[in-house]
Amino acid sequence: MDNPTLLGPWVRRFLLDYMGGARNLARNTQRSYRDTLTLLLPFVATAQRTAVDRLTVEQVAPEVIRRFLHDLETTRDCSIATRNQRLAAIHAMARFISAHSPEHIAWCGAIRDIPFKKAPQPVIAYLEKDEMEALLAAPDPTTAQGQRDYAVLLFLYNTGARASEATNVSVADLALTHTPSVKLWGKGNKSRSCPLWPLTVHTLVALIGDREPTACVFLNRSQRPLTRFGLHTLVERSAHRASAQMPSLAVKRVSPHTIRHTTAVHLLRAGVDINTIRAWLGHVSLETTNIYAQVDLEMKAKALSLCEVDASHPSGGHWLEDQSLMAFLATL
């Protein structure tokens, strides 16, 4: 590198060579890091009164980053989770620069000393069985769009797929004969197979027709691949329609990820073991899946009923009156 003090060449190497090449991070992760730098660089340039392409590494100073993070929360009204996500991207870039430029190790250490904020654990939102059924009944089955919407909602509920996984499914990823399943491509380009219900198979067969194996399963009205934004809009539109019959949906934020949580909770209630659910959802760690066991009030109530005290059989007497027990305790 001709001038290792300039920030621009480091940013290009970080985004293109490191993230997309050496690390092969998921495309969504790459976009998240890119968006962070898109916000950060103009902010630093304004603070340092320097053109973006003339910024040096050292000008991305810790105090400027702290002001940037504060601005995210106050001016842009970002949550603590988003603030921490942006800081994680900055930490990653600082580590990359210091690993290839020893003279910037001290700078990297100062950047990485900026701490993450502790954020409250978000409440896991999911739908009850009747709410999910109302959501599935919302699309109009007499229209092509309604049939597509129903297929998408049923697929999400069947597989617990992430939004990006669902929109990237191709015809070749479907195995609709013998033991029906779908191959989903998750984070880190890892694949997993999920079984499909007969109803899902029937719905998908009608949807894809005679498309080529490379074609996407879910298309928009322009016959282009459905985007993540389009998927979110589809789910929100269906939830709004369903709320007319199921008022509880009107006070819930229903998204593709809400349906993913719903799949996990309903599998747990059906008696599926937690490790199978982990593999079903594509979680790396079992700890991530365990949150569903913690949020399900129905299962907690069932567990509590098993150890409920029987009021018809009162205890034989107060423990203080058991002199043999008191004598035993006195000998310890």
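- At least one side-chain heavy atom of L231 sits under 4.5 Å from a side-chain heavy atom of T167.
- Of all heavy-atom pairs between C194 and T159, the closest is SG-O, 3.9 Å.
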Quiz item: Does the side-chain contact (heavy atoms from CB on, under 4.5 Å) test come out yes or no for D140 and Q147, once each step is laid out?
Solution: CA-CA 7 Å; D140 183 356; Q147 294 166 9; over 6 Å; no
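- Proximity of L127 to V265: side-chain heavy atoms (C-beta onward) are nowhere separated by under 4.5 Å.
- Salt-bridge formation is detected for the pair R237/D149: a Lys NZ or Arg NE/NH1/NH2 atom is positioned less than 4.0 Å from an Asp or Glu carboxylate oxygen.
- Within the structure, salt bridge (Lys or Arg N to Asp or Glu O under 4.0 Å) pairs that include any residue of residues 52-61 do not occur (at least two apart or interchain).
- The backbone N or O of L281 sits less than 3.5 Å from a side-chain atom of R192, completing a donor-acceptor pair.
- For H266 and Y126, the side-chain atoms include no donor-acceptor pair closer than 3.5 Å.
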Quiz item: When you look at L176 and V182, which way does the side-chain contact (heavy atoms from CB on, under 4.5 Å) test go after all the steps?
Solution: CA-CA 8 Å; L176 302 180; V182 59; over 6 Å; no
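- Around the CD atom of E73, the shell of radius 6.0 Å holds more than 12 heavy atoms that belong to other residues, nucleotides or ligands.
- Sorted by first and then second residue, the side-chain hydrogen bond (donor to acceptor under 3.5 Å, both in side chains) pairs with a member in residues 99-110 read S101-E103, S101-H104; sequence neighbours excluded.
- Taking each heavy atom of S243 and A250 in turn, the nearest pair found is CB-N, 3.9 Å.
- Using a 4.5 Å heavy-atom threshold, the side chains of H232 and P256 count as touching.
- For an aromatic pair to be called close, the ring centres must be under 6.0 Å apart, and Y157 with W197 satisfies this.
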For residues 129-136, run the donor-acceptor check on the side chains, cut-off 3.5 Å, and write out each pair with its distance to 0.1 Å, sequence neighbours left out.
| from | atom 1 | to | atom 2 | distance (Å) |
| --- | --- | --- | --- | --- |
| E131 | OE1 | E128 | N | 2.9 |
| E131 | OE1 | K252 | NZ | 2.7 |
| E131 | OE2 | S248 | OG | 2.5 |
| E131 | OE2 | K252 | NZ | 3.4 |

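- Checked by atom type and distance alone, the side chain of Q48 pairs as donor or acceptor with a backbone atom of Q59 at under 3.5 Å.
- Taking the side chain as every heavy atom from C-beta outward, V217 and L174 approach each other to under 4.5 Å.
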Quiz prompt | Verdict with supporting geometry, F155 and T203, side-chain contact (heavy atoms from CB on, under 4.5 Å) | solution = CA-CA 9 Å; F155 181 86; T203 304; over 6 Å; no
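- For the pair N168 and C216, the minimum side-chain heavy-atom distance is 4.5 Å or more.
- Taking the side chain as every heavy atom from C-beta outward, I114 and I90 never approach each other to under 4.5 Å.
- With a 4.5 Å cut-off on side-chain heavy atoms, L226 and L219 do not count as touching.
- When ring centroids are compared, H91 and F116 come within the 6.0 Å threshold.
- Applying the ring pair (Phe, Tyr, Trp, His ring centres under 6.0 Å) rule to H202 yields no partners; only residues at least two apart in sequence or on another chain are considered.
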Exercise. Could you walk me through whether V60 and I65 pass the side-chain contact (heavy atoms from CB on, under 4.5 Å) test, one step at a time?
Key: CA-CA 7 Å; V60 187; I65 293 178; 3.7 Å; yes
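- V11 and F68 fall within a single hydrophobic cluster, where Ile, Leu, Val, Met, Phe, Trp and Tyr are joined by side-chain heavy atoms under 4.5 Å apart, directly or via other members.
- A 4.5 Å side-chain heavy-atom check between R260 and L156 finds every atom pair outside the cut-off.
- Environment of CD in E212: sparse, with no more than 12 heavy atoms of neighbouring residues, nucleotides or ligands closer than 6.0 Å.
- Under 3.5 Å, the side chains of N158 and T200 contain a donor-acceptor pair of N or O atoms.
- Remark: S98 pairs with no residue by the side chain to side chain donor-acceptor pair (under 3.5 Å) rule, at least two apart or across chains.
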Using a 3.5 Å cut-off and no angle test, enumerate the donor-acceptor pairs between side-chain atoms of residues 31-40 and protein atoms at least two apart in sequence or in another chain.
| from | atom 1 | to | atom 2 | distance (Å) |
| --- | --- | --- | --- | --- |
| R31 | NH1 | N28 | OD1 | 3.1 |
| T36 | OG1 | S32 | O | 3.1 |
| T36 | OG1 | R86 | NH1 | 3.2 |
| T38 | OG1 | R34 | O | 2.8 |

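- Using modelled atom types, no side-chain atom of T50 and backbone atom of T46 make a donor-acceptor pair closer than 3.5 Å.
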